[in-house]
Amino acid sequence: GKSLAFLESHFGKSAGYLFRAARGIDLREVRADRIRKSVGGERTYASDLTEEEAIYDAFERIIHIVWDRIERAGARGRTVTLKARYNDFQTVSRSRSLPHWVDGKAEFTTISRSLLDQILPLERGIRLLGLTLSSLEGAEEEAAPAMDLAEYGDQPELDF
């Protein structure tokens, strides 16, 4: 850990925050009323997904987990975004916005699959897949960090 003086000389006013954050201390107020901007999740795979069958299987799990999270949050949104990171760490995203709220899991699944189809066939392996629902009811802007789906214990054993 660097000294507070070192951080102040390099980072100015944010030094105090960085000094505490590096030590697990966050003095910012917890705001339970903050408007959620998106609901989603992403998964990083231990070994690259290269076979389309493996990619579809992994993607179906993400659709299911993310829709479950959307339902638990009671969220309604109009934009579905797919994120994929290749094994060379290039990240691509595809999104589709509707004029209406996404109507249930069936429509969410159809849109999600159509976004995946836009990046197939693959020229290289996939390291990460994620889905996000945004343009949420009550939210003026988008973007909240997607949560890692590892908490679901969904370890991808996808060595075909």
- Item | Val39 and Leu136, any side-chain heavy atoms less than 4.5 Å apart | yes
- Closest non-hydrogen contact found for Ile63 with Phe108 is O-CE2, 3.9 Å
- Message: I'd like to check Leu122 versus Tyr86 (side-chain heavy atoms, cut-off strictly below 4.5 Å). Are they in contact?
- Response: yes
- Task: Would you please name every residue forming a side chain to side chain contact (heavy atoms under 4.5 Å, CB included) with Glu52, sequence neighbours left out?
- Result: Tyr56, Leu120, Pro121
- Please report the closest heavy-atom contact between Thr81 and Ser93, naming both atoms and the distance. CG2-CB, 4.2 Å
- Do Trp101 and Arg78 touch side chain to side chain, with heavy atoms closer than 4.5 Å? yes
- About how many Å separate CZ of Phe11 and CG of Leu18, when rounded to the nearest 0.5 Å? 6.0 Å
- Message: Treating Asp88 as the side-chain partner and Gln90 as the backbone partner, does any N or O pair qualify as donor plus acceptor under 3.5 Å?
- Response: yes
- Correct closest heavy-atom pair for Gly41 and Arg69 would be CA-NH1, 3.6 Å
- Message: Would you compute the distance between atom CG of Leu98 and atom CD1 of Ile111 and round it to the nearest 0.5 angstrom?
- Response: 4.0 Å
- List for me each residue that meets side chain to side chain contact (heavy atoms under 4.5 Å, CB included) alongside Thr91, sequence neighbours excluded, and say none if there are none. Lys83, Arg85
- Note on the structure: Here the gap from Leu133 atom CG to Trp67 atom CH2, rounded to the nearest 0.5 Å, amounts to 7.0 Å
- Message: Less than 4.5 Å apart, side chain to side chain, heavy atoms only: is that true for Gln118 and Leu82?
- Response: no
- Task: Output the distance between atom OG (Ser38) and atom CD1 (Ile70), rounded to the nearest 0.5 Å.
- Result: 10.0 Å
- Message: Show the nearest heavy-atom pair for residues Arg94 and Ile119, with the distance to one decimal.
- Response: CG-CG2, 3.9 Å
- Any side-chain heavy atom of Thr79 sitting closer than 4.5 Å to one from Val102? no
- Item | Leu115 with Leu128, same ILVMFWY side-chain cluster at under 4.5 Å | no
- Query: Near Asp103 CG, under 6.0 Å, is it more than 12 heavy atoms from other residues, nucleotides or ligands?
  - Reply: no
- Message: How close do Val80 and Ser112 get, counting heavy atoms only, and between which atoms?
- Response: CG1-OG, 3.8 Å
- Query: In chain order, what residues pass the side-chain hydrogen bond (donor to acceptor under 3.5 Å, both in side chains) check against His10, with sequence neighbours excluded?
  - Reply: none
- Task: Compare all side-chain heavy atoms of Ile55 with those of Tyr45 and state whether any distance is below 4.5 angstrom.
- Result: no
- Less than 4.0 Å between a side-chain N and a carboxylate O, is that true for Glu60 and Arg113? yes
- The side-chain hydrogen bond (donor to acceptor under 3.5 Å, both in side chains) partner of Arg127 among Thr44, Asp48, Asn87 is Asp48
